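Structure first, then comments.
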Amino acid sequence: MGYFEAKDTTDVVERFAPSPTGSLHLGHAFSAFVAWEAARQAKGRFYLRVDDLDQTRTRSEHVESIFEDLRWLGLHWDGEAMFASQQRNRHNQALQTLIDRDLVYACQCSRKEIEAAVGAPQEGADHPPAYPGMCRDAQIELDGPSVALRLNMARAIDALGGEAKLEELGFDELGEGPAGETGHIQLSAASLKHGLGDIVLRRRDGMIAYHLAVVVDDWSQQISHVTRACDLFSSTPVHRLIQALLDLPTPLYRHHRIIRDASGRRLAKRDGDMALSTLRSQGVSPAQIRELVGLPSIVTE
Ligand code: GLU
């Protein structure tokens, strides 16, 4: 079934959206198992979205191994996989809507200049410090060469009716954030401004940035439940804000724990030893993968 077809709004539609920039590891397996099982238990759908926005880091062998790893784990997805890179028209339309609402400005700062102004990201931080706003009022041409486009967060909040109104917006968390946050999570102007701040919507190289693309793509696939690791919990208020600005419905969110190695470090794509393909070649079975991430080895109905 195509993802643009109308559906009953009570349907559960889950997704797994890995980036093909490295091998899938145990953390990805956990996310995919949780989303797939939730869809299966609800007799809903499970979609695969290849998050290949960053074409400079995408490798076709990683796309192939996403398919292969999921099939090996028995995590069959409904319909065709969607490729984020093929959604450019929708991404650009969404960006244009924000530009038309006068919420976007062009920024010429290099990463070095930003780091010099705010300091390098803290070890263990989920995201770099908010952009300090050097270009915010500089009136730089949006279509000038080598500019990033940023969301003016203060204006975005005003466009939604200001700080008080913002508290009426929120999202429902079925899992939990890193500090156990669950249930209805209200947006807060202060944390939007001082957390991720004026996020990049389009990078200097012309590529649409993750925060905008993920909102558009979840809507395109009519995702009802977003299941992902809790390091993205702090990005979710920004996704909710973008949904409100674009007048899109908001899915339910289920953030889950992060899978760590024996020393407590979170797994990264460079940790080849935890790659699913490596474990598979060592004779580890899908049931053992489930056990390794703390799930019962047999799928419970
Ligand atoms: N491609 C993103 C990642 O792998 C997806 C994040 C999300 O699920 O929203 O981190």
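These numbers come from the heavy atoms of this one structure, side chains and all, not from hydrogens, waters or symmetry mates. Bear in mind the structure is a predicted one, so any value in this text is a computation, not a measurement. Atoms within a ligand are numbered from 1 in the order they appear, just like the ligands themselves.
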(Q) Using a 6.0 Å cut-off, check whether atom CZ of R57 has over 12 heavy atoms from anything other than its own residue. (A) no
Q) Cluster partners of I114, using ILVMFWY side-chain heavy atoms under 4.5 angstrom, listed by chain and number? A) Y105, V118, Y131, M134
Q: Below 4.0 angstrom from a heavy atom of V214, which ligand 1 atoms are there? Numbered from 1 as shown, please.
A: 9 (O)
Q.
Within ligand 1, which atoms have a heavy atom of D51 less than 4.0 Å away?
A. 1 (N), 2 (C), 5 (C)
(Q) So, regarding H28 and ligand 1 (criterion: nitrogen or oxygen to nitrogen or oxygen, under 3.5 Å), is there a contact or not? (A) no
Q) Can a non-hydrogen atom of F16 be found less than 4.0 Å from any atom of ligand 1? A) no
Q | Atoms of ligand 1 close to L232 [distance to a heavy atom under 4.0 angstrom, numbered from 1] | A | 6 (C), 7 (C)
Q: Run the numbers for me: atoms of ligand 1, each under 4.0 Å from some heavy atom of R228, listed by number.
A: 7 (C), 8 (O), 9 (O)
Q. Given D198, which of R150, R155, R136 fulfils the side-chain hydrogen bond (donor to acceptor under 3.5 Å, both in side chains) condition?
A. R136
Q) Looking at Y210, which atoms of ligand 1 are within less than 4.0 Å of one of its heavy atoms? A) 6 (C), 7 (C), 9 (O)
Q) For T182, what residues pass the side-chain hydrogen bond (donor to acceptor under 3.5 Å, both in side chains) criterion, not counting sequence neighbours? A) none
**Q.** Ionic contact status for K165 with E168, cut-off 4.0 Å
**A.** yes
Q. Between D217 and R15, is there a salt bridge with N-O shorter than 4.0 Å?
A. no
